[in-house]
Amino acid sequence: MADQSGKLRAALIGIGHDHAWGKVQAIRRSNDMELVGAFEPDASEWGRQQANDRFTDVPALSEVDVLHDETIRVVFVETLPRHNLRWARRALEHDKHIHIDKAPSPSLADLRTVMDLAAARNLHVQMGYQFRYNPAIELALRAMREGWLGNVTRINVDIPTNIASYADIRAKDGAHAGALFYLLGCHVLDAAMLFLGKPADVWASHRRDARGQGEPFEDNCTAVLEYPGAVALLQTWVTGNDPMHHRRFQVIGERGSVLIEPIEPPGVRLFLSEAHEDFPAGWSEPAIPMRPRYDGDIENLAAWIRGDRDPAYTAAHDLAVHETLLRICGVL
């Protein structure tokens with residue numbers, strides 16, 4: 001149900017996820033959704049977030065407020081990953097469309113159950129991988145799909161995080177198998193599989209290096225995805241040297257390459273054997289504007305709910321990504 005402005009009414013379950021505050025800001029920017037408020041199962045989380053000057057103006061709702069208000073049609077599940085599928089299922093049982101932030105739990109069977117429940121109730125499930133609507137990734141996908149690159153033979157990715165956040169990451173996610181890859185690698189795994197699909201095989205290394213930051217967890221991770229005729233190399237690690245500008249996503253084909261460094265805000269170097277539209281042969285550096293994170297997710301989910309377009313990402317893709325993530329992390 002929409003409000004008088006035509007916007008879909010949305011609420012959060014959970015505010016403890018690293019992306020929860022970003023989702024609030026994106027919903028407030030949106031022409032498609034209106035934020036009603038948030039329910040946080042852990043009462044102490046409100047104080048922790050407000051100490052960081054977040055959620056101070058977001059109405060605090062109860063579980064009943066969110067689940068039993070029929071005007072709330074969309075729920076963003078922003079609990080910690082180990083809890084989010086339980087709340088996703090509760091929201092679906094109350095006929096809410098859902099956005100589940102990454103990663104969707106350590107269980108493939110539980111994610112499959114959620115997807116099946118959504119399909120049975122004709123509800124939508126959107127996964128919250130943060131590069132799905134990145135304009136540089138979208139350009140690379142277009143270049144591949146329109147044949148500019150020829151056969152894609154290699155993908156190289158680095159996605160480090162800040163060592164200053166080490167203790168917080170360890171507390172929230174360090175217990176997961178493949179900890180830092182589970183936390184960060186899932187984003188780039190999702191993107192890599194848009195280009196190459198489900199791998200024939202995977203190899204992974206999960207080191208505990210700590211770098212003087214106390215008790216280590218799996219913080220220096222490498223995954224290799226093997227395909228007939230192609231390889232994807234995905235790496236997650238920690239650094240104090242401006243990690244955002246160390247993040248890169250390279251797509252290399254037989255007739256062209258798209259080198260994205262950094263990923264946000266996108267810096268792109270493009271090589272093409274032949275010119276295509278406004279992109280010349282040889283090397284170029286097209287200006288790619290930054291699109292705020294999550295805006296594309298909200299726009300696409302709203303259009304999907306309204307029946308204006310098909311989902312950009314299918315349940316089959318989401319399940320394949322999660323299965324591969326759990327294989328990399330040694331769970332499967």
Side-chain angles (χ1 to χ4, degrees), residues 1-5 7-30 32-107 110-111 113-115 117-118 121-130 168 171-173 176 183 293-295 297-302 304-305 318:
M1 185 178 296
D3 66 10
Q4 292 182 348
S5 69
K7 293 184 176 183
L8 295 166
R9 288 167 59 81
L12 272 64
I13 291 180
I15 62 171
H17 196 285
D18 292 341
H19 295 170
W21 181 235
K23 299 293 168 63
V24 167
Q25 294 171 302
I27 294 168
R28 286 177 166 170
R29 285 193 300 267
S30 171
D32 297 300
M33 292 189 189
E34 174 195 26
L35 181 67
V36 178
F39 161 58
E40 171 49 58
D42 179 359
S44 64
E45 187 64 35
W46 278 104
R48 287 193 289 270
Q49 292 290 340
Q50 291 186 354
N52 292 321
D53 198 29
R54 294 177 175 179
F55 297 94
T56 55
D57 60 347
V58 175
L61 304 178
S62 69
E63 178 181 353
V64 171
D65 291 335
V66 175
L67 297 181
H68 292 270
D69 184 343
E70 294 182 358
T71 72
I72 295 175
R73 299 301 303 125
V74 185
V75 167
F76 287 74
V77 182
E78 299 292 331
T79 56
L80 297 183
R82 59 183 174 269
H83 303 308
N84 58 16
L85 286 189
R86 176 167 64 91
W87 289 109
R89 183 165 185 166
R90 291 279 290 147
L92 289 170
E93 289 170 345
H94 287 80
D95 292 322
K96 314 297 186 185
H97 304 284
I98 57 173
H99 171 100
I100 308 175
D101 220 319
K102 59 83 186 177
S105 98
S107 170
D110 288 351
L111 180 59
T113 296
V114 164
M115 293 296 191
L117 178 60
R121 290 176 172 262
N122 197 29
L123 295 168
H124 302 308
V125 176
Q126 182 187 64
M127 293 304 309
Y129 295 120
Q130 69 191 30
D168 184 58
K172 286 187 175 182
D173 300 283
H176 290 293
L183 170 69
R293 272 191 197 174
Y294 320 127
D295 287 12
D297 302 73
I298 292 170
E299 178 184 323
N300 188 268
L301 181 56
W304 188 11
I305 291 168
D318 292 340

List the atom of [X], the atom of [Y], and the distance in Å for their closest heavy-atom pair.
X: Ala11; Y: Leu35; result: CA-CD1, 4.4 Å
X: Tyr129; Y: Pro104; result: OH-CD, 3.6 Å
X: Leu111; Y: Asp318; result: CD2-O, 4.2 Å
X: Trp21; Y: Phe55; result: CZ3-N, 3.4 Å
X: His176; Y: Pro81; result: NE2-CB, 4.3 Å
X: Ile98; Y: Ala91; result: CG2-CB, 3.6 Å

Any chance you could measure [X], atom [atom1], to [Y], atom [atom2], to the nearest 0.5 Å?
X: Glu45; Y: Arg54; atom1: CD; atom2: CZ; result: 10.5 Å
X: Leu92; Y: Trp87; atom1: CG; atom2: CH2; result: 13.5 Å
X: Thr79; Y: Glu40; atom1: OG1; atom2: CD; result: 8.0 Å
X: Asp95; Y: Glu70; atom1: CG; atom2: CD; result: 8.5 Å

Close side-chain approach of [X] and [Y], heavy atoms under 4.5 Å:
X: Ser30; Y: Lys7; answer: no
X: Leu8; Y: Leu301; answer: no
X: Arg48; Y: Asp42; answer: yes
X: Lys96; Y: Arg90; answer: no
X: Val74; Y: His99; answer: no
X: Val125; Y: Leu123; answer: no
X: Asn84; Y: Ser105; answer: yes
X: His83; Y: Pro41; answer: no

Side chain to side chain donor-acceptor pair (under 3.5 Å) with His97: which residues, sequence neighbours excluded?
none
Just do the side chain to side chain contact (heavy atoms under 4.5 Å, CB included) check on Leu67 and Ile13 with the steps written out, would you?
CA-CA 10 Å; Leu67 297 181; Ile13 291 180; 4.1 Å; yes
Determine whether a donor-acceptor pair (N or O, by modelled atom type, separation under 3.5 Å) exists between the side chain of Lys172 and the backbone of Leu80.
no
I'd like to know if the side chain of Lys102 reaches the main chain of Leu183, judged simply by a donor and an acceptor atom lying under 3.5 Å from each other, with no hydrogens or angles considered.
yes
From Gln126, Gln130, Lys23, residue fulfilling side chain to side chain donor-acceptor pair (under 3.5 Å) relative to Asp101
Lys23
Got more than 12 heavy atoms from elsewhere within 6.0 Å of CG, Asn122?
no
Before you tell me yes or no, could you show the steps for Phe76 and Ile298 under side chain to side chain contact (heavy atoms under 4.5 Å, CB included), namely the whole-Å CA-CA distance, both residues' side-chain angles and the distance that decides it to 0.1 Å?
CA-CA 10 Å; Phe76 287 74; Ile298 292 170; 4.0 Å; yes
Walk me through whether Glu34 and Arg9 qualify under side chain to side chain contact (heavy atoms under 4.5 Å, CB included).
CA-CA 5 Å; Glu34 174 195 26; Arg9 288 167 59 81; 3.5 Å; yes
Restricting to ring pair (Phe, Tyr, Trp, His ring centres under 6.0 Å), what partner residues turn up for His19, sequence neighbours left out?
His17, His187, Tyr294
Qualifying residue, where the test is side chain to side chain contact (heavy atoms under 4.5 Å, CB included) with Val58 and the options are Val24, Leu12, Val36, Ile15
Val24
Checking Ile305 against Asp32 for the side chain to side chain contact (heavy atoms under 4.5 Å, CB included) test, could you report, in this order, the C-alpha distance in whole Å, the side-chain angles of both residues, the deciding distance, and whether it holds?
CA-CA 11 Å; Ile305 291 168; Asp32 297 300; over 6 Å; no
